[in-house]
Amino acid sequence: MATLEEHLTDAGCDEKLKKLILLLSQQAKPIKNAFVDKQNYAGTKNMHGDDQIELDKWADELLIDVLRKSEMVKTIASEEQSDIIEVFTQDKGFGITLDPLDGSSLIAVNLTVGTIIGIYGDGNILQKGKNMACAMYILYGPLTTLVYTIKKGVHEFVMKDDGTFELLRENLIMPEGKLYSPGGLKKDHTEKHTKFLESLESSGHKLRYSGSFVADFHQILRYGGIFSYPALKDKESGKLRLLFEAKPIGFIAREAGGEISTGEKDILEITPKSIDQRVPLYVGSKSKIQKLEEYMRGYR
Ligand code: AHM
Ligand code: MG
């Protein structure tokens with residue numbers, strides 16, 4: 001089975017981008033190993049008001065430190081940091097977005113969490129998601145796996161004991177599927193969203209929701225269906241963050257034949273105004289996103 005490095009080479013990946021993806025993949029082992037010792041709350045909050053877990057902060061600092069030293073990166077934005085980090089580079093350098101540990105409330109209950117990464121070729125992270133050079137995530141579950149796309153298919157790798165990654169599945173395509181993963185409290189859902197969820201329920205869709213977006217999305221990617229974290233009655237933008245969560249996951253979904261939408265428009269077409277922007281989010285099989293948009297327009 002091909003290693004991640006061989007796979008990137010065979011795909012004709014640009015040498016610098018390959019080096020960067022491999023560098024990021026090498027952080028999976030130290031992060032996974034740190035789960036044992038870094039379970040406590042750090043006693044701090046991030047800019048979104050979430051309590052930071054020790055491991056969250058540690059993984060954030062590790063990734064930022066490694067990227068700063070890489071001499072390949074111009075800008076870094078992390079869900080755990082309030083400002084964009086500018087790094088001096090000789091040439092143009094990449095732009096990176098990081099959700100160091102998505103789903104971190106699940107660390108304490110030993111459910112799957114993950115690192116979500118977006119890579120922009122020209123250092124500008126405040127541009128449309130469709131312009132990304134690469135999106136990837138690492139899942140820390142029973143296996144540690146890595147999913148990436150450089151717009152040449154979506155591929156999944158598994159980490160071996162030495163921390164390197166080996167191909168598990170190539171060219172993932174999201175099936176139509178019958179799962180739904182609904183975020184947000186039912187009492188806060190809008191009428192249109194509720195109607196849409198009821199249509200899924202009455203047509204035999206099964207509810208699967210863990211509270212870790214990246215893990216819930218991975219299940220949708222493999223088995224098909226739809227994940228939602230919608231606009232809520234008192235929070236029009238929902239919960240999930242455009243830069244750190246929506247764009248990279250959407251980039252992977254689209255490449256696997258799926259779609260991502262706010263319910264009204266394509267998330268990969270949104271130019272972010274700020275790094276902490278939130279967005280109502282639906283991601284899943286193409287026909288389900290089409291149906292959802294019809295519900296949102298009031299056509300159903
Ligand atoms: P996090 O990045 O701080 O972990 O927050 C994002 C998480 C997502 O992974 C998940 O979809 C959502 O928050 C869960 O929220 P809720 O607890 O409202 O279901
Ligand atoms: Mg997150």
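Read the numbers this way: they start at 1 and go in the same order the structure lists the ligands and their atoms. Heads up: numbering here begins at 1 and tracks the sequence.
- Under 4.0 angstrom from ligand 1, there are no non-hydrogen atoms of Glu80.
- For the residue pair Thr97 / Tyr120, no side-chain donor-acceptor distance below 3.5 Å is found, with atom types taken as modelled.
- Between Asp266 and Lys130, no side-chain nitrogen of the basic residue sits less than 4.0 Å from a carboxylate oxygen of the acidic one, so the salt-bridge criterion is not met.
- Asn171 places a side-chain heavy atom less than 4.5 Å from the side chain of His155.
- Ionic pairing of Arg254 and Glu259 is present here: one or more N-O contacts between side-chain nitrogen and carboxylate oxygen are shorter than 4.0 angstrom.
- When heavy-atom distances to ligand 1 are checked against a 4.0 Å cut-off, Tyr229 comes that close only through its side chain, counted from C-beta outward.
- Nearest protein heavy-atom contact of atom 5 (O) of ligand 1 is Arg241 NH2, 3.2 Å.
- Checking Ser261 against Glu293 by side-chain atom types alone, a donor-acceptor pair falls below 3.5 Å.
- Checked for salt-bridge contact, Glu255 and Lys152 miss the test: no charged N lies under 4.0 Å from a carboxylate O.
- At least one N/O-N/O distance between Gly103 and ligand 1 falls below 3.5 Å.
- Taking 4.0 Å as the cut-off between side-chain N and carboxylate O, Glu294 and Lys291 do not count as a salt-bridged pair.
- Checked by distance only, ligand 1 and Phe213 come closer than 3.5 Å through their nitrogen or oxygen atoms.
- The shortest N or O to N or O distance between Ser212 and ligand 1 is not below 3.5 Å.
- The closest approach between Tyr209 and ligand 1 falls below 4.0 Å for a heavy atom of the residue.
- What sits closest to atom 15 (O) of ligand 1 on the protein, heavy atoms only, is Lys239 NZ, 3.0 Å.
- To the nearest 10 degrees, the Mg ion (ligand 2) sees OD1 of Asp102 and OE2 of Glu245 at an angle of 100°.
- An N or O contact shorter than 3.5 Å is missing between Ser105 and ligand 1 by distance.
- A salt bridge does not link Glu54 to Lys38: none of the charged nitrogens lies less than 4.0 Å from a carboxylate oxygen.
- The ligand atoms of ligand 1 that sit less than 4.0 angstrom from a heavy atom of Glu79 are 1 (P), 2 (O), 3 (O).
- Take the N/O/S atoms of Asp99: the one nearest the Mg ion (ligand 2) is OD2.
- Contact annotation: for Asp216 versus ligand 1, there are no heavy atoms closer than 4.0 Å.
- Taking the six-membered ring where the residue is Trp, the centroids of Phe157 and Phe165 are separated by 6.0 Å or more.
- Gly211 counts as a contact of ligand 1, since one of its heavy atoms falls under 4.0 Å from the ligand.
- Of all atoms in ligand 1, listed by their number and element, those nearer than 4.0 Å to a heavy atom of Ser104 are 4 (O).
- The shortest non-hydrogen separation linking Gly183 to Pro230 is O-CD, 3.3 Å.
- Proximity to Glu245 (heavy-atom distance under 4.0 Å) selects the following atoms of ligand 1: 2 (O), 6 (C).
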